[in-house]
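Quick caveat, the model's predicted, so the values are computed rather than measured. Lettering follows sequence order; numbering is per chain, from 1.
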2 protein chains.
Amino acid sequence: MREKKPAVQCAIEEALSVIGDRWSLLIVRDVLRGVNRFDSLQESLQISRNILTQRLNTLEEAGILVKIPIKPGARRMLYNATPKCFALVPTLVSLIDWSARWSEKPDTRWARVIDKRTGEPVTVDLVGNDGEPVSLLDLDLTY
Amino acid sequence: MREKKPAVQCAIEEALSVIGDRWSLLIVRDVLRGVNRFDSLQESLQISRNILTQRLNTLEEAGILVKIPIKPGARRMLYNATPKCFALVPTLVSLIDWSARWSEKPDTRWARVIDKRTGEPVTVDLVGNDGEPVSLLDLDLTY
DNA sequence: CCAATAAGTTCTAAAATGCAACTAATTTGT
DNA sequence: ACAAATTAGTTGCATTTTAGAACTTATTGG
C-alpha cells in the first residue's frame with residue numbers, strides 16, 4: 001500500500017476560508033485593540049447581531065478567539081485574542097500599508113499601527129530566510 | 001469658513017472594501033502567477049462566470065488590474081497586474097505565512113512564494129521606520 | 001468557410017446577510 | 001431587596017449576493 005503524498009495546497013485559499021469575508025478581519029482588529037464584548041463589537045462594527053454571533057463562533061472554532069466568562073461562572077463574556085489572532089497583525093499591517101500608499105482618497109489620514117519605542121508607524125517587509133529584505137523582482141510567484 | 005479636518009479613517013476597512021471578499025485576493029494571486037484570461041481564471045478558480053465578470057470590473061475600477069486586448073483592436077482580453085496589484089504581495093505572503101504556521105491540516109505542504117536568489121521561501125516582517133524588526137509586544141494597536 | 005473558442009450575458013435557484021423585535025439571565029441603582 | 005437597565009444572544013422575515021447552467025456574439029484557426 002502506497003502512502004498518500006501530501007498534496008501541495010494553496011495557503012492563501014486556506015487562510016481566506018477562515019478570514020476571507022467582510023467581517024472577520026475587522027473583528028480581529030477590534031479584539032486586538034481591546035473591543036472584546038458582544039455589544040461593543042456590534043456597535044463598533046455596525047454588524048448584524050446574528051451575523052456577529054456566527055462570526056464569533058467561527059473565529060472561536062478556528063482558534064483565533066477564546067470566549068471566557070467575565071468572572072468564573074458568569075454569563076457575561078469576553079472575547080480574547082489568541083496567539084493565532086496576534087499572528088494576523090502582519091496581515092493587518094500590510095493592508096494598512098497598502099491603503100495608505102495606494103488608496104485614492106484625498107483629505108484622509110489613515111490610522112496606523114505604532115511602534116511604541118519610536119512613536120512611528122510600523123510597516124511590513126518581504127524578507128528572505130537570511131532576514132534580508134527581498135525585492136518584488138526577486139520573487140518567484142509561480143506558486 | 002473653516003477647512004474640513006481630514007478624518008482619521010481605518011485603512012483596513014478601506015482595503016477590505018476593495019479586496020475583502022472570497023474571490024478578489026485569489027484573482028490577484030492568479031493574475032500575478034500569469035493566469036490572466038477570463039476562461040483560465042474561471043477554470044482555475046471554479047468561480048461563477050457572472051461573479052468573475054463583476055470582480056474583474058471592480059478590480060479594474062480600483063486600479064488593481066488593467067484589461068487590454070491581446071492585440072490592438074481585438075476582442076480577446078488580457079487581465080494584467082498593475083503596481084497597485086503587486087503591492088498586495090506582502091498581504092498574500094502574510095496570509096501564506098499565517099496558514100503555514102497556524103493551520104491545522106496534517107499531511108499538507110503549503111505552496112510558498114520563493115526568493116529566486118536562494119530558492120527559499122519568503123516571509124514577511126514587521127519593521128519600524130528605522131528598518132529594524134519590531135516585536136508584537138512593542139506595538140500600539142489602539143488604532 | 002466551418003467548427004471551435006473566448007468572453008461575456010441572462011435567467012433562475014440557493015445561500016448569505018441585514019433588520020427589527022423578542023427573550024432570559026444578570027447587574028445596577030436606590 | 002427589588003425595579004430598571006444591560007448583556008448576550010435568538011428568531012423570523014426581507015433583501016442582497018452568489019452559484020449554475022444555458023445562451024449569445026464575435027473571433028480565430030485550419
Where do N or O atoms of nucleotides 27-30 of chain D meet protein N or O atoms at under 3.5 Å, pair by pair?
| residue | atom | partner | partner atom | Å |
| --- | --- | --- | --- | --- |
| D:dT27 | O4' | B:R76 | NH1 | 3.4 |

Exercise for the section: Check whether any side-chain nitrogen or oxygen of A:K67 sits under 4.0 Å from OP1 or OP2 of D:dG9, and answer yes or no. Expected result: yes
Handout entry: Whole-Å gap separating P (C:dT5) and CG (B:L78)
Key = 19 Å
Exercise for the section: Answer with yes or no whether the side chains of B:Q9 and A:T108 bring together a donor and an acceptor at under 3.5 Å. Expected result: no
Problem - Interatomic distance, B:E43 CD vs C:dG8 C1' [rounded to whole Å] - result: 17 Å
Exercise for the section: Report yes if a side-chain nitrogen or oxygen of B:Y79 is closer than 4.0 Å to either non-bridging phosphate oxygen (OP1 or OP2) of C:dG8; otherwise report no. Expected result: yes
Handout entry: N/O (side chain, A:R22) to phosphate O (OP1/OP2, C:dT17) under 4.0 Å
Key = no
Exercise for the section: Can you tell me the distance, in whole Å, between the CZ atom of B:F38 and the P atom of D:dT24? Expected result: 17 Å
Exercise for the section: Taking salt bridge (Lys or Arg N to Asp or Glu O under 4.0 Å) as the test, write out the residues that go with B:D130, two or more places apart. Expected result: none
Exercise for the section: Quickly work out the A:D21 CG to D:dT17 P distance and round it to whole Å. Expected result: 15 Å
Fill in the blank from the handout: What residues 45-58 of chain A contributes to the DNA chain D interface at heavy-atom separation below 4.0 Å is A:R49, A:N50, A:T53
Problem - Separation of atom CD1 in A:I68 from atom P in D:dT7, rounded to whole Å - result: 17 Å
Exercise for the section: Would you tell me if any nitrogen or oxygen in the side chain of B:W23 comes within less than 4.0 Å of OP1 or OP2 on D:dA19? Expected result: yes
